[in-house]
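This report refers to the structure that appears directly beneath it.
Being a predicted model, the structure only gives us computed values, none of them experimental. For this chain, numbers begin at 1 and follow the sequence in order.
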Amino acid sequence: MTKTVIVGTNHAGIAAANTLLDNFEDQEVVMIDRNNNLSYLGCGTALWVGRQIDSYENLFYTKREDFEAKGAKISMETTVDQIDYDKKEVHCIDKNGEAFVESYDKLILATGSVPISPKVPGRDLKNIHFLKRFQDGQAVDQLLSTEGINKVAVIGAGYIGVEIAEAAKRRGKDVLLFDAMERSLPSYYDKWFTDDMDAILQEHEIELHFGELALEYKGADKVESIVTDKGEYGVDLVINAIGFLPNNELGKEHLELFKNGAYLVDRHQQTSDPDVYAVGDCATIYSNALQDTTYIALATNAVRSGIVAGYNVGGVGLESTGVQGSNGISIFGLHMVSTGLSVEAAAKNGIKVKYTDFEDLQRPGFMKENATVKIRIVYEEDSRRVVGAQLSSTEDISAVIHMFSLAIEEQVTIDKLKLLDIFFLPHFNQPYNYITMAALGAE
């Protein structure tokens, strides 16, 4: 029997555990987590807080008993104090303060990420919250139901910030959205797309404060105002959504790290210690767009990396195919999806690219149900391989991005897309499809 200890039981840890338990009979699996719940789909927090779904119960997609039924040993509400990598021992403290040690043959670190906390005065005041765990969502949800909570400041206009801003607005609050950048969602989309997102946020009366840096929170006991480099604003609740950093606390002194502190892993999810694997938000990942190692914190990447680690620990040499960082967002009916690199991201990474844009109706003009679709395809200047794509519409155009994800993985050129066999039916699309038209427009 091989004893594998998995530290962390969210998406990546669960995927690794399921892979080992479902496919290998010679595995003794121990799962350890400091939380009191597992498998929380944090991507659904804003939907629940914004009352777009009825409750949070179904945001948990598995439970402790499921793993115990498969033979796993699970220790919840247990803190890993330290790991002795020489002796291959995980030192733990349970919820009663009792210390115990778990030995391992193989170790999988799935410790995730931690929210970035701005080091500004007043950050310890009440009514300042992050959004990461289920308990964070619960706290924000309860505060939004509390009398006197009328003005909500959201710090950070990335995915989580924009989504929770929408949720708070749906709860009838005055919402101020802050970001040091000049627009929303700058990590995933170029300005041609984020201009539309910014417009729809303003249309729904979310007060945008872009290009502003938070300097201080003020208040006696609870937060009462936020001070930026451009002014002071009275608020009753602050939600920090600046971003995340890899949680490397247990291995940073022993394992090789990436430039942002993530555990550096190979295509098998193996760290610099051959008996230690790292998965999910605490580890690096290989980008097919960059053709290099990078860091992309997404639940989908976490699941895939957990599966890869599980097979390798089990003895099957499975190599990751790499990722594109495919993602999507839907705010007040505006749907946006992207994969790979934006033009701006390519420039930051030193990749010379060109791009082609097209905008048209989803269906022929005679169709009653219709909407405009915007598409941008980004391709490398020399090789002409597709390295990114972005789409937006009030139509559901999300499935298109999967094709572009595969195109990036397979190094398809923009020219190959020009005569791609795309069917036509008025119920779905146009005879001169926007994918075809965008590709034909490439230089």
Are Tyr61 and His11 close enough that their ring centers fall under 6.0 Å? yes
Side chains of Val152 and Val235 in contact at under 4.5 Å (non-hydrogen atoms): no
Verify side-chain contact (heavy atoms from CB on, under 4.5 Å) between Met76 and Thr9, making sure each step is shown before the conclusion. CA-CA 9 Å; Met76 300 298 292; Thr9 64; 4.1 Å; yes
Is Lys374 salt-bridged to Asp196, going by a charged N under 4.0 Å from an acidic O? yes
Which one of Glu395, His427, Glu369 satisfies the side-chain hydrogen bond (donor to acceptor under 3.5 Å, both in side chains) criterion with Arg363? Glu395
Is a side-chain donor-acceptor pair under 3.5 Å present for Thr4 with Glu28? no
Are more than 12 heavy atoms, taken from residues, nucleotides or ligands other than Asn58, located less than 6.0 Å from that residue's CG atom? no
Please assess His335 against Ser330 for the test side chain to side chain donor-acceptor pair (under 3.5 Å), listing each intermediate value before the final yes or no. CA-CA 4 Å; His335 313 304; Ser330 179; 2.8 Å; yes
Does Arg171, at its CZ atom, have more than 12 non-hydrogen atoms belonging to other residues, nucleotides or ligands within less than 6.0 Å? yes
Residue Lys222 excluded, over 12 heavy atoms near NZ under 6.0 Å: no
Can you check whether Tyr233 and His209 have ring centres sitting under 6.0 Å from each other? yes
Answer yes or no: are there more than 12 heavy-atom neighbours, outside Lys95 itself, under 6.0 Å from its atom NZ? no
Presence of salt bridge, Glu344 and Lys191, under 4.0 angstrom: no
As a quick check of understanding, evaluate side chain to side chain donor-acceptor pair (under 3.5 Å) for Asn312 and Gln270, giving each step before the final call. CA-CA 9 Å; Asn312 281 285; Gln270 196 171 35; over 6 Å; no
Paired with Lys106, the salt bridge (charged side-chain N to carboxylate O under 4.0 Å, His left out) test is passed by just one of Asp26, Asp273, Asp275, namely Asp275
For residues Glu212 and Thr228, is any side-chain donor paired with an opposing acceptor at under 3.5 Å? yes
Would a line drawn from the ring center of Tyr56 to the ring center of Tyr40 be shorter than 6.0 Å? no
Report yes or no: do Asn23 and Thr19 form a side-chain donor-acceptor pair below 3.5 Å? no
Flag the pair Tyr159 / Tyr188 as yes when their ring centroid distance falls below 6.0 Å, and as no otherwise. yes
Would Gln324 and Asn288 satisfy side chain to side chain donor-acceptor pair (under 3.5 Å), going step by step from the backbone distance to the final call? CA-CA 6 Å; Gln324 288 65 252; Asn288 289 312; 2.7 Å; yes
Salt bridge flag under 4.0 Å for residues Arg376 and Asp190: yes
Side-chain heavy-atom pair Ile32, Cys92 within 4.5 angstrom cut-off: yes
Tell me if the NZ atom of Lys87 is crowded by more than 12 foreign heavy atoms within 6.0 Å. no
A quick test of your reading: do over 12 heavy atoms of other residues, nucleotides or ligands sit less than 6.0 Å from CG of Asp54? no
Just wondering, do Asp198 and Leu208 contact through their side chains at under 4.5 Å, heavy atoms? yes
Check ion pair Lys218-Glu232 (N to O, under 4.0 angstrom): yes
Take Asn35 and Gln135, measure what side chain to side chain donor-acceptor pair (under 3.5 Å) needs, and give me the verdict at the end. CA-CA 10 Å; Asn35 209 334; Gln135 292 91 330; 2.7 Å; yes
Do the ring planes of Phe134 and Phe60 sit parallel (below 30°), tilted (30 to 60°) or perpendicular (above 60°)? perpendicular
Hey, is Asp195 close enough to Arg183 for a salt bridge, meaning N to O under 4.0 Å? no
Does Glu102 come within less than 4.0 Å of Lys73, counting only side-chain N to carboxylate O? yes
Below 4.5 Å, heavy atoms only, C-beta onward: do Glu359 and Trp192 meet side chain to side chain? yes
For the pair Asp236 and Lys151, find out whether any cationic side-chain nitrogen is under 4.0 Å from an anionic carboxylate oxygen. no
Measure the spacing between CD1 of Ile6 and CD1 of Ile74 and express it to the nearest 0.5 Å. 9.5 Å
Distance alone, cut at 3.5 Å: any donor-acceptor contact between the side chains of Thr62 and Ser39? no
